[in-house]
Amino acid sequence: MKIFIDSADVKELQTLAQTGLVDGVTTNPSLVAKAGGNIFDGLRAICAAIPGPVSAEVVAADYETMLAEGRKLRTVASNIAVKVPLTPDGLRACATLSKEGHPVNVTLCFSAVQALLAAKAGATFISPFLGRLDDGGQDGMELVREIRAIYDNYGFKTQVLAASIRTTLHVRDAALAGADCATIPPAIFKALYKHHLTDAGLESFGKDWRATGQSIL
Ligand code: E4P
């Protein structure tokens, strides 16, 4: 499963890129607002730090303006993926941009039939928001499983990008459900490394090693 980071914080992303584990980034208007600064400067820096797809979202609601915004966002760097919302205009823009060769991430997906439409519109990525479904008392991971089954039934190439991840268990379950990618907030990404038995094991190995009085270097 590819690991994307869900953030527009340039410094944070530059640091996380050093792990060598980050395959891409997703941003959205709220994340850009939270990070502050100019959207184009931020995207340029993120695209330079992380060679994988960096999703940049259009903010228009109508087809023509979405197309113009998507094409402009794509001039920032070759690894930009245009993010469009799952609306009739958004999917129409997805189809046009995809035909022009632009990678498109269809966002704000909350049902399997929406995901079916996005695949038919040629989306490169579909982003089911599982955390927001969970927040509302639905089973977000079930949506990821349904989309996986539908895409596999028909051989759709659209990648399932599990989004709105809230916990490390979401990451595990998205991988078990066969998501192609998961976009993970920085704090959850860092938590993936953690296990108390790793810490305890390291401490006891260190103690025993120090008692030998030896040095490897
Ligand atoms: C995905 O591309 C979105 O940016 C993101 O996952 C939304 O997550 P949230 O529900 O935590 O805002």
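Start at 1 and go down the list; that is how both ligands and their atoms are numbered.
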Look only at interatomic distance and state if [X] has a nitrogen or oxygen under 3.5 Å from any nitrogen or oxygen of ligand 1.
| X | value |
| --- | --- |
| Asn28 | yes |
| Thr183 | no |
| Arg132 | yes |
| Thr107 | no |

Check each atom of ligand 1 against the heavy atoms of [X] and keep those under 4.0 Å away; list them by number with element.
| X | value |
| --- | --- |
| Lys83 | 1 (C), 2 (O), 3 (C), 4 (O) |
| Phe129 | 1 (C), 3 (C), 7 (C) |
| Arg166 | 9 (P), 10 (O), 11 (O) |

Task: Side-chain (Arg74) to main-chain (Ile80) donor-acceptor, under 3.5 angstrom - done: yes

TODO: May I ask you to decide if Lys72's main-chain N or O and Thr75's side chain share a donor-acceptor pair within less than 3.5 Å?
DONE: yes

Open item on the list: What I'd like to find out is whether the side chain of Leu161 reaches to under 4.5 Å of the side chain of Asp180, using heavy atoms alone.
Closed with: no

- [ ] Scan Ile165, Thr107, Asp135 and name whichever one has a side-chain contact (heavy atoms from CB on, under 4.5 Å) with Phe129.
- [x] Thr107

Task: Contact with ligand 1 for Glu57, non-hydrogen, under 4.0 angstrom - done: no

Open item on the list: On a heavy-atom basis, I'd like to know which of Ser164, Ala182, Pro29 is closest to atom 8 (O) of ligand 1.
Closed with: Ser164

Open item on the list: Under a plain distance cut-off of 3.5 Å, with no hydrogens placed, do Thr26 and Ser55 share a side-chain donor-acceptor pair?
Closed with: no

